[in-house]
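Step one of this worksheet: look at the structure below.
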Amino acid sequence: MREWSQALNSDDNQAAGRLFAPGARVIQGGAVYELETEGEAVRFNRSLPCSGRVVDVAVEGEDAVTATFELGHRGRSRCDVPPGTLAAARFTVDAGQIVTWEQVPVPGSDNPET
């Protein structure tokens, strides 16, 4: 998860994409996508407009973690929310690869959109 954040923040979509397992699921805004190939994972990472500095991590069992990120602009894109906005994602990892990436509410937030 930290390695993914570092790759994303460096605009290295190839490295970020390699961290996803074939068939990884992405859940965002009620939609579920399956990333069948590394190319699809690279495109998913390229589509994210914001960088994300990890500000909190909550471990959930042996293979899941929820990370809270402080969002900012990426090198090649401007974030679609004000820099400093918090967002969270739950990662499920198997054999060192992301098998599920799910955007979730920021822990402790009353706003389900963030």
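Note that the structure is a prediction, hence the values are computed from the model and not measured.
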- Answer yes or no: does atom CD of Glu60 have more than 12 heavy-atom neighbours from other residues, nucleotides or ligands under 6.0 Å?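 Yes.
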From [X] atom [atom1] to [Y] atom [atom2], the distance as rounded to the nearest 0.5 Å:
{"X": "Leu19", "Y": "Gln6", "atom1": "CG", "atom2": "CD", "result": "10.0 Å"}
{"X": "Phe69", "Y": "Asp56", "atom1": "CZ", "atom2": "CG", "result": "10.5 Å"}
{"X": "Trp101", "Y": "Phe20", "atom1": "CH2", "atom2": "CZ", "result": "7.5 Å"}
{"X": "Glu102", "Y": "Arg90", "atom1": "CD", "atom2": "CZ", "result": "5.5 Å"}
{"X": "Arg43", "Y": "Leu48", "atom1": "CZ", "atom2": "CG", "result": "13.5 Å"}
{"X": "Phe91", "Y": "Thr100", "atom1": "CZ", "atom2": "OG1", "result": "11.0 Å"}

If we ignore hydrogens and angles and just use 3.5 Å, is the side chain of [X] paired with the main-chain N or O of [Y] as donor and acceptor?
{"X": "Ser51", "Y": "Gly72", "answer": "yes"}
{"X": "Gln97", "Y": "Arg18", "answer": "yes"}
{"X": "Asn45", "Y": "Ala41", "answer": "yes"}
{"X": "Ser5", "Y": "Arg2", "answer": "no"}
{"X": "Asp11", "Y": "Gly75", "answer": "yes"}
{"X": "Asp80", "Y": "Cys50", "answer": "no"}

Considering non-hydrogen atoms only, spot the tightest contact between [X] and [Y] and give its length.
{"X": "Ala7", "Y": "Ala16", "result": "CB-N, 3.7 Å"}
{"X": "Leu71", "Y": "Cys79", "result": "CB-SG, 4.0 Å"}
{"X": "Ile98", "Y": "Ala24", "result": "O-CB, 3.5 Å"}

_I'd like to know whether Arg25 forms a salt bridge (charged side-chain N to carboxylate O under 4.0 Å, His left out) with Glu34, so could you lay out the CA-CA distance, the side-chain angles of the two residues, the decisive distance to 0.1 Å, and finally the verdict._
CA-CA 5 Å; Arg25 292 178 354 137; Glu34 200 164 299; over 6 Å; no
Are [X] and [Y] joined in one hydrophobic group, where the rule is that I, L, V, M, F, W and Y side chains link up if heavy atoms are under 4.5 Å apart?
{"X": "Val57", "Y": "Trp4", "result": "yes"}
{"X": "Val81", "Y": "Val104", "result": "no"}
{"X": "Ile27", "Y": "Phe44", "result": "no"}

If we only count heavy atoms from C-beta on, is the Val99 to Val93 side-chain gap below 4.5 Å?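 Heavy-atom side-chain distance check fails, nothing below 4.5 Å.
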**Salt bridge Arg53-Glu70, side-chain N to carboxylate O under 4.0 Å** =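 Glu70 and Arg53: salt-bridged.
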For Arg74 and Asn13, does a side-chain donor sit closer than 3.5 Å to a side-chain acceptor?
yes
Give the C-alpha distance, both sets of side-chain angles, the deciding distance and a yes or no for side chain to side chain contact (heavy atoms under 4.5 Å, CB included) between Asp94 and Asp63.
CA-CA 7 Å; Asp94 184 31; Asp63 61 355; over 6 Å; no
